[in-house]
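What you see is a predicted model, and the numbers here were worked out from it, not measured in a lab. The chains referred to below are lettered A, B, ... by the order of the sequence lines, with proteins before strands, and numbering in each begins at 1.
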Amino acid sequence: MATNQKADVVIVGLGWAGSLMAEELTRAGLNVVAIDRGPWMDTSTHTPPAVDPDELRWAIRKELFSPPKDNTLTFRNTTDQVAVPQRDFGIFELGGGVGGAGFHWAGMAWRFDPYDFEIRSRTIERYGIERADDGELQLQDWGITYDELEPFYDRFERIAGISGKAGNIQGKINAGGNPFEGPRSREYPTPALKTLRSMEVFNDATTRMGYHPFTIPVANLSQPYVNPLGVSMGACSYCGFCLGFGCGNYSKSSPQACIFPVLMRRKNFRLLTESCVIRVNKAEDGETVTGVTYVDAQGQEHVQEADIVCVTAFQVDSTRLLLLSEIGQPYDPRTQEGSVGRNFTFQTVSGVDMWIEGEQMNPFIGAGGLGSQIDDYNADNFDHSDLDFLHGAGMLTLARDGLPISKAGKLPEGTPRWGAGFKQAYKDHYQTYTTIFNQGSSMPIKQGYLDLDPTYTDKFGQPLLRVTYDYSQSDRNMAKFTMDRAVEIAQEMGAQHITPFNFADKPFTTAVIASDHVIGGTPMGADSRTSVVNPWLQSWDCHNLFVCSASVFPMNSGYNPTGTVGALAIRAAQAIVEKYVPNPGPLVEA
Amino acid sequence: MNRREALKSLSALAAVGAAATTRASATEMTGYPTDMTVAKDMLPRPAIAGGARQVLTDDTAERTISAVFDRLIPGDELGPSATEAGCVDFLDAQLADRFGAGASLYREGPKRANEDDLMQTPQFIATPRERYATGLRALEAYAQARDGASFADLQPNRQDEILRGMEDGSVQLDDAVNTKAFFELMLQNVREGYFSDPIYGGNRDMAGWKLIGFPGARYDFRLYTDRLGEALDLEPVSLIPRD
């Protein structure tokens, strides 16, 4: 066991959250050490254009991801079942190197809706307490409001150069943007990407139907850009190799493209790669932590001491690290007491696949997050009084669907899957396929949680995380409702062949990829009995421990999580600098 | 060294040990890395054209998988068959590589009886290499037992009948083989071979991409983003540079 020189702050996991926090903290003069279990990776050296456009290796074999061999979980639907390990790739798309999942993500860069942050209060206010407390759901507020988070969303979008069109600037509704979004202080840093053919067909149909389509805000940049850190980015070339891929153009925002050029040059920053943190070490006083223990590539254990520990790993890993470190009280689904592992949620997905005869979508032209969406059935943008569910879904179509191995299964019902009939059908339909994907919210339930598995272990002999979860009835009803709306839109788009899908009409599984957005486990909140961290992402149990990851969301919205992770990370880091360092101790009374 | 030379010298490395990858990275880093050369383990691991078989060395196994692949993607006026397009070369190279070794799989026991039901998809501790070995042996034994001939020598209609049975679950090759899952594995791999970059041994002359009109490893479509709904007829390009 070797002990390194003590740091002011140790950061566990250098993805988006860790990089954003490290940038804020080092800029304020703190000595920061980041520890990442993956190797160093950069865009120019690891995913240049001669390497990147390779569907087999990156989208099918998923070689940028951390493989299940090294990092997996066990899963069951209910507490009376015996959980089994996820053996092949499933919904957990963990980053394989520094940058984390921020290196291979598609790039949809949303803000959550104002309703999300106050979901319990606002649901009770509008629909009554019996809708919030229906016996199954476990709704809780985040302890912050959208307005409090807005400046930090803005900062994240500036650092990442997000392209988009604002729908609501300081309360003024802008044509072409999302009229349902929370008020923004200003326009996006770069304009929206081009409208491609599948989006045009979707926009026309939804407009005729009275809906409000807009271009999805994305981390695929529409033009060259210099971010507030002085880092230059390039314009997206619409190559379509984004989700699961790196980017060789400096046009998909990532920690590599947006932050590392500055962070790595700071004298007060140090990075340890291929070093896996296995424990956060508690102090004898029980109220603080002393640092972390990690294992290096040679299997040697080391201790990194620090005055402040920031756990910024992927959602499942952040939750697991707290459980392994025995920090906080594990959640008990029978009594709903304890908070570590609480409120695991997912993304409730339905939609349609469709084929429009005679269309020429040119689906190979696209970008990871590029698409059109309507939010008419998302959040609380529509009246749920007479509906049997809460919340809703962002209903979107994509312009990224041209990869030929992945799309070989996307053929109209009744089409042969092989033989001469398959060849003819794929030739006929490759250009006519498009989709509506309902990215549905996920309401927390009392019986959905994370704990440690009693049987299966990882390569260090530590227990795997165990997921216990199934969709709530509310989410199932929501998925059916939005699927029916998607069928109507597909008909209006002129599709001759429509195949509806609904992942929530079966039990939840981690093996079938409806989405890779896994949420919760260390929820934030104003009540220390139902949350792991306070609204500054500070641990209620150890005041020099901060957790930032999608694990802190108490629920999931009808949007991708990364924008909210980024905003929360910047807010927490600024709180450390401005509030915690001058006066170490709990920032909120428990 | 240009890219072609880089790929060639990499093929030599790949021949020695395809599964061995070394990650060039410092454990402790301060400052921005100054080495800007492309990381070796990120370069493609090309299939070696015309090389000896590495995994499908058994004659019967090779004949069986070739026959299956050519029923899954037969040759016709739309393009070559799977074997003509190199899909068996592709499969052999993949089985010799990380994929065949199950390098990414969590293979720790115990294997529970309820795994497939809970996951709603079959789970395996066996590697793809092992699954092909047992699956192809079982398929050949099935043909010998039912038809008294090798699967590869059966009439195409009869081959299709067996494959349809494997697909819909009405044919069970033997107790040791999840037949439906084995069919899906072969279907997935033949599609991969037909539609992946030719650098991996299949999709010869980019026949799969030409079939559907996919332009391959292009990296910039900005010239075409305003030509909505037009047939662009772009010639595909591969990761293998043209001379």
Whether the side chain of A:Asn220 engages the backbone of A:Ser251 through a donor-acceptor N/O pair (distance < 3.5 Å, no angle test) should be reported.
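No, the answer is negative, given that no donor and acceptor are paired below the 3.5 Å cut-off.
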Item checked: For B:Lys180, all residues meeting side chain to side chain donor-acceptor pair (under 3.5 Å), sequence neighbours excluded ->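 Result, side chain to side chain donor-acceptor pair (under 3.5 Å) vs B:Lys180: none returned.
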Partner chain B: residue of [options] with the largest heavy-atom pair count (under 4.5 Å):
{"options": "A:Thr47, A:Val33, A:Asn249", "result": "A:Asn249"}
{"options": "A:Cys239, A:Pro363, A:Ser237", "result": "A:Ser237"}
{"options": "A:Arg57, A:Glu55, A:Arg76, A:Glu359", "result": "A:Arg57"}

- prompt: Tell me, side chain or backbone of A:Tyr430 under 4.5 Å from chain B's heavy atoms, or both, or neither?
  reply: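 Answer is side chain: those atoms of A:Tyr430 sit under 4.5 Å from chain B.
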ask   = Given a strict heavy-atom distance threshold of 4.5 Å, which part of A:Leu193 is in contact with chain B: side chain, backbone, both, or neither?
value =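 Contact with chain B: none, neither part.
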Inset, instruction - May I ask you to check whether B:Phe221 and A:Phe364 place their ring centers less than 6.0 Å from one another? - result: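 Here the rings of A:Phe364 and B:Phe221 have centres that are less than 6.0 Å from each other.
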* Taking all atoms of both residues into account, what is the closest heavy-atom pair of A:Pro416 and A:Leu411, and its distance? ->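 So the minimum-distance heavy-atom pair works out to O-CD1, 4.3 Å.
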For this session: Determine which residues belonging to residues 202-212 of chain B lie within contact range of chain A, meaning some heavy atom pair is under 4.5 Å apart, and list them by number or answer 'none'.
Result: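 Under the 4.5 Å heavy-atom cut-off, B:Trp209, B:Leu211, B:Ile212 qualify.
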Exercise. Mind ranking B:Leu223, B:Leu234, B:Asp70, B:Leu163 by heavy-atom pairs under 4.5 Å with chain A and telling me who comes out on top?
Key: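 It is B:Leu163.
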Review point. Is any NZ, NE, NH1 or NH2 atom of the basic residue among B:Glu108 and A:Arg87 found under 4.0 Å from an Asp or Glu carboxylate oxygen of the other?
Key: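 The answer is no: the pair does not qualify as a salt bridge.
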